[in-house]
Amino acid sequence: MKLLAAVLSLSFLVSTTTLAQTAPDYDALIKQAHQKYKNNNDGKVADYIPALATYSPQNFAITIATVDGKIYQTGDVKKAFPMESLSKVFTMALAMEQHGPKEVLDKLGANATGLPFNSGLAVELTKGAPENPLVNAGAMSTVSLVEAKDKTDRWNKILNNLNAWADASLTVNEPVFKSEMDTNQHNQALAQLMESYNSFYGDTREAVEIYTRQCSVDVTTEQLAKMGAVLANNGKSPYTGKQLLNEKYVPQVLAEMAIAGLYDGSGKWLYTVGLPAKSGVGGGMVAVVPGKYAIAVYSPPLDSAGNSVRAQQTIEYVAQATQSNLFLAK
Ligand code: DON
């Protein structure tokens with residue numbers, strides 16, 4: 001008996017020591033990344049939406065949210081920024097929850113376009129199929145697919161969904177919304193082009209406006225990391241305990257992110273980092289390590305595909321240090 005107890009306590013000691021050795025020091029890693037990349041001034045703040053051009057290129061924040069509910073953060077973590085394309089992931093998840101992954105695949109697709117995120121050529125080449133829910137065309141079509149009684153109900157469902165994922169009461173950045181509404185003729189044209197091919201599932205004006213509104217919702221990196229942590233945790237928020245997406249659908253949401261989360265930069269990203277991720281032209285980006293953590297970074301200067309330069313560098317650094325590439329045998 002005594003021998004058994006000794007063996008058990010020894011194995012407990014060994015396993016806790018091993019755990020302590022292997023648990024990554026997230027706090028140190030994000031601070032190292034912040035230090036390493038904060039003076040990199042590559043990239044350009046988006047200005048095709050005039051209100052976005054007013055954000056400082058210096059803003060830089062990093063948050064990691066783990067599946068066991070811990071938060072690690074550094075930098076300008078109090079600064080909120082518009083979600084822009086990041087919002088597309090969570091409205092796609094809502095549409096998937098309502099209609100299931102088969103309908104999302106049939107109506108919105110799961111293919112890279114290989115073209116910029118607002119390409120009209122991409123829609124024309126496929127005779128209206130948006131190819132995936134993360135390019136502008138597919139994201140507006142997704143909004144039209146959300147089941148709702150009317151326009152107000154559609155917006156409330158989308159905002160309530162974002163709130164539930166972020167564990168927060170998010171608000172629309174009205175100056176950004178107005179600026180984007182004044183300059184979204186290209187998106188209106190994309191929606192009408194899809195409608196002309198019967199690839200739109202509601203009123204185009206209503207969907208474009210609600211899409212624009214969801215893009216203008218402000219978040220912090222903490223809120224965004226918590227949203228990503230829901231995906232890392234099989235669709236259940238580690239913070240509220242609520243199941244926000246059927247756990248069976250989580251791989252499909254992550255697959256769409258891997259396919260098109262960084263638009264025409266998605267292939268290179270998957271090749272070098274090996275994680276599903278999503279960017280927004282406001283400078284935010286989130287990546288998901290299933291079963292472990294999500295990392296959100298905010299830094300406005302973008303590369304030519306519209307993805308934050310420092311966010312990509314930071315996530316690559318942390319992903320490598322934590323051996324998080326999904327294609328590595330673990
Ligand atoms: O529709 C647009 O162009 C913007 N509201 C969102 C685009 C975006 O964030 C693309 N991201 N990298």
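Numbers here simply count residues along the sequence, with the first being 1. All ligand and atom numbering here is 1-based and tracks the order in the structure.
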Exercise for the section: Could you give me the CA-CA distance, side-chain angles and deciding distance for Glu124 and Tyr197, then say whether side-chain hydrogen bond (donor to acceptor under 3.5 Å, both in side chains) is met? Expected result: CA-CA 9 Å; Glu124 193 55 45; Tyr197 285 116; 2.6 Å; yes

Exercise for the section: Report yes if Gly306 has an N/O atom closer than 3.5 Å to an N/O atom of ligand 1; otherwise report no. Expected result: yes

Problem - Pairwise side-chain contact, Val77 with Thr220, heavy-atom cut-off 4.5 Å (strictly under) - result: no

Practice task
Take the angle between the ring planes of Phe117 and Tyr263 and call it parallel below 30°, perpendicular above 60°, tilted in between.
Solution key: tilted

Practice task
Considering the heavy atoms of Asn187, write down every atom of ligand 1 situated less than 4.0 Å from one of them.
Solution key: 1 (O), 2 (C)

Practice task
Give the numbers and elements of all ligand 1 atoms closer than 4.0 Å to a heavy atom of Ser279.
Solution key: 12 (N)

Exercise for the section: Run the numbers for me: atoms of ligand 1, each under 4.0 Å from some heavy atom of Gly280, listed by number. Expected result: 9 (O), 11 (N), 12 (N)

Exercise for the section: Keeping the roles fixed (side chain from Thr54, backbone from Ala51), state whether a donor-acceptor pair exists under 3.5 Å. Expected result: yes

Handout entry: Salt-bridge criterion met for Lys70 and Asp68 (N-O under 4.0 Å)
Key = yes

Handout entry: Numbered atoms and elements of ligand 1 in range of Cys215, under 4.0 angstrom, heavy atoms
Key = 5 (N)

Problem - Which residue and heavy atom of the protein sit nearest atom 3 (O) of ligand 1, plus the separation - result: Tyr48 OH, 2.6 Å

Handout entry: Under-4.0 Å heavy-atom contact with ligand 1, by part of Asn184 that carries it
Key = neither

Practice task
Using side-chain contact (heavy atoms from CB on, under 4.5 Å) as the criterion, point out the one residue from Lys226, Lys242, Gln223, Glu222 that pairs with Asp167.
Solution key: Lys226

Practice task
Classify the ring geometry between Tyr26 and Tyr72 as parallel (under 30°), tilted (30 to 60°) or perpendicular (over 60°).
Solution key: tilted

Practice task
Answer with side chain, backbone, both or neither: which part of Ser85 has a heavy atom less than 4.0 angstrom from an atom of ligand 1?
Solution key: both

Exercise for the section: Using a strict cut-off of 4.0 Å, indicate which atoms of ligand 1 neighbour a heavy atom of Tyr211. Expected result: 1 (O), 2 (C), 4 (C), 5 (N), 6 (C)

Fill in the blank from the handout: Looking only at protein heavy atoms, what sits closest to atom 5 (N) of ligand 1 is Glu180 OE2, 2.2 Å

Practice task
Determine whether the side chain, the backbone, both or neither of Asn136 has a heavy atom under 4.0 Å from any heavy atom of ligand 1.
Solution key: side chain

Practice task
Would you check the N or O atoms of Ile49, main chain and side chain alike, for any that come under 3.5 Å of an N or O of ligand 1?
Solution key: no

Exercise for the section: Give a yes/no verdict on a cation-pi contact between Lys107 and Tyr201, requiring under 6.0 Å between NZ or CZ and the six-membered ring centre and an angle within 45° of the axis. Expected result: yes

